[in-house]
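This report refers to the structure that appears directly beneath it.
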Amino acid sequence: MFGLQTKNSDILSDEIIDKLSNYFSNKIDDFMVSDTTDTPYTMFKIEFVMYKFFNIVLNYDRGRFGCSIINGSRFITLDNSQKWYDKADMDIFLKELEEQLKLRIPDKFLEHYGWK
């Protein structure tokens, strides 16, 4: 496994997409990676759709990462206790992301898809 310092934006974004896909399975789709750079530092965005309900962006900037709901040209930041990717417990990050999103989706919608 690579050390975080040797991972470029392509490797890190693929790694994060794999973790999201494995955890959320059929609740997540339409991944798009953008704004990637490795010089002078590693930075990228991953946009995706969650629960067929929200457009989400995960921002990674010099090791710090987090998610927001895309609301037009504005963003609603989702609270999460895991702020730094190299120190993050991804199980906690993914569980907190799931909780933050489910709080905002009507139960009837989640039940319809078997996600409640």
Check for me whether the distance between the ring centres of Tyr60 and Phe65 falls short of 6.0 Å. no
When hydrophobic residues are tied together by side-chain contacts of less than 4.5 Å, even through go-betweens, does Phe54 share a cluster with Leu110? yes
Test of understanding: clusters of I, L, V, M, F, W, Y form through side-chain heavy atoms closer than 4.5 Å, transitively. Do Val57 and Ile17 belong to the same one? no
Give, for atom CG of Leu101 and atom NZ of Lys27, the distance between the pair rounded to the nearest 0.5 Å. 11.0 Å
Compare all side-chain heavy atoms of Asp61 with those of Tyr41 and state whether any distance is below 4.5 angstrom. yes
ILVMFWY cluster, Tyr23 and Tyr51 together (side-chain gap under 4.5 Å): yes
Side-chain (Gln82) to main-chain (Ile92) donor-acceptor, under 3.5 angstrom: no
Which class fits the ring pair Tyr113 and Phe109: parallel under 30°, tilted 30 to 60°, perpendicular over 60°? tilted
If you round to the nearest 0.5 Å, how far is CG of Asp29 from CG of Leu20? 12.0 Å
For the atom pair CH2 (Trp115) and CG (Asn26), what is the distance rounded to the nearest 0.5 Å? 6.0 Å
side-chain hydrogen bond (donor to acceptor under 3.5 Å, both in side chains) with Ser9: which of Asp35, Asp14, Asp38, Thr39? Asp38
Listed partners of Phe31 passing ring pair (Phe, Tyr, Trp, His ring centres under 6.0 Å), at least two apart: Phe48
More than 12 foreign heavy atoms under 6.0 Å from NZ of Lys19: is that the case here? yes
For the atom pair NZ (Lys45) and CE (Met32), what is the distance rounded to the nearest 0.5 Å? 9.0 Å
Option passing side-chain hydrogen bond (donor to acceptor under 3.5 Å, both in side chains) with Tyr85 (candidates Glu15, Arg64, Arg62): Glu15
In Å, rounded to the nearest 0.5 Å, how long is the span from CZ of Phe53 to CD1 of Ile69? 9.0 Å
What about Phe93 and Ile76, same hydrophobic cluster or not, with Ile/Leu/Val/Met/Phe/Trp/Tyr joined at side-chain heavy-atom distances under 4.5 Å? yes
Kindly work out whether a path of hydrophobic side-chain contacts (I/L/V/M/F/W/Y, heavy atoms less than 4.5 Å apart) joins Ile28 to Leu58. yes
Whether over 12 other heavy atoms sit under 6.0 Å from Lys83 NZ: yes
Spacing of Ile56 atom CD1 and Gln100 atom CD [to the nearest 0.5 Å]: 10.5 Å
Can you check whether Asn22 reaches Met90 side chain to side chain, under 4.5 Å on heavy atoms? no
Shortest non-hydrogen contact from Ile46 toward Ser13: CD1-O, 3.8 Å
